[in-house]
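Worksheet: the structure to be examined is printed underneath.
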Amino acid sequence: MDGPGASSPAGATAYLVLDPTRQGEAPMAIHGSLFEEFKETESRDQFVRQNSKLLKVRMDYGPVSARMGSMVAYQGDIRFANRGSGGLDRMLKKAMTGEGVPIMECTGQGELFLADSAADVQILYLDNDMISVNGANVLAFSSSIDWDIHRVAVRGGMMAGGLFNVVLKGSGYVAVTSKGEPVALDVAQAPTFADAHAVVLWTAGVRMDVRVDTGGLGSMIRGGTGETIQMAFSGNGHVLVQPAENAQTAGSGERTGRSGGLGDLLGG
């Protein structure tokens, strides 16, 4: 900054900051478009993307369920309560599967900002619909959305350490995260396969099975391809796939790092 008398750069907005300890002196100025470029997004929707990495939630629509630790800022009067695995039934399922979704309940008035390790934020609105989500990708959802832990019954499921997912259903907003910009594949267009650790979610009407592709005996002898376990999708609907893999698990129900894999589709 050039000082009190300097002119603003072309096209920049100047913000005056008065220092009460400098009585009688000319006010200092901050030059640049920082506060205009990144000002808060205005929207009447309950969920809106503040930017690609940040979710803004309007709390005047009622309580919101969010991933524990995802709050980065809020304005107003908002309280946070640990909901754990969300009730006795889900606690029992977590005890049996070693899986769980770390959820906190957010209540109050104001505006809440949520994020998860600068992952990209994607927003959906369910209108009496249902999706199956990798729990490691769940960020937040409206209180009107019901959720539960389901085991996916598929052939070969146990080869993957057990398949579990989070089912979200009802009417309301859902926010998920993805590692980079995802692709939404229409499974009705062609046989669709995806790396189990890269799948974010799939919609109602989509059938999922497990495909085991060893690459043949020669490939197995050379150590395999690393793509042995794949998710196979059919039916009508979409599967959302991110351009990165969630960390694989050290064993069924155990986690390696923060994000889950095929045997940890519930997060935790």
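Below, each value reflects all heavy atoms present in this structure, side chains not excepted, and no hydrogens, waters or symmetry copies.
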(message) Under the criterion side-chain contact (heavy atoms from CB on, under 4.5 Å), I'd like the reasoning laid out for Asn137 against Gln242: C-alpha separation, chi angles, the key distance, then a yes or no.
(response) CA-CA 10 Å; Asn137 298 92; Gln242 63 188 4; 3.3 Å; yes

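- With Ser142 contributing its side chain and Ser144 its backbone, the two residues share no donor-acceptor pair below 3.5 Å.
- Residues passing the salt bridge (charged side-chain N to carboxylate O under 4.0 Å, His left out) test with Lys56, sequence neighbours excluded: Glu40, Glu111.
- Side chain of Gln109 to backbone of Gly76: no donor-acceptor contact under 3.5 angstrom is found.
- Here the side chain of Ser65 pairs no donor or acceptor atom with the backbone of Ser143 at under 3.5 angstrom.
- When atom types are taken as modelled, the side chain of Ser70 and the backbone of Asp116 share no donor-acceptor pair closer than 3.5 angstrom.
- Taking 4.5 Å as the limit, every side-chain heavy atom of Val199 sits out of range of all side-chain heavy atoms of Met208.
- Put simply, the side chain of Arg79 never gets that close to the backbone of Gly108: no donor and acceptor are under 3.5 Å apart.
- Applying the salt bridge (Lys or Arg N to Asp or Glu O under 4.0 Å) test to every pair with at least one member in residues 128-143, sequence neighbours left out, gives no pairs at all.
- Under the side chain to side chain contact (heavy atoms under 4.5 Å, CB included) rule, Thr192 has a single partner from Val241, Asp186, Val187, which is Val187.
- A salt bridge links Asp120 with Lys53: the closest approach of a Lys/Arg side-chain nitrogen to an acidic carboxylate oxygen falls below 4.0 angstrom.
- Without hydrogens or angle criteria, Gln50 side chain to Lys39 main chain gives a donor-acceptor distance under 3.5 Å.
- Annotation for Asn236: atom CG does not count as buried by contact number, only 12 or fewer foreign heavy atoms lying within 6.0 Å.
- For Arg49, there are no salt bridge (charged side-chain N to carboxylate O under 4.0 Å, His left out) partners two or more places apart in sequence or in a different chain.
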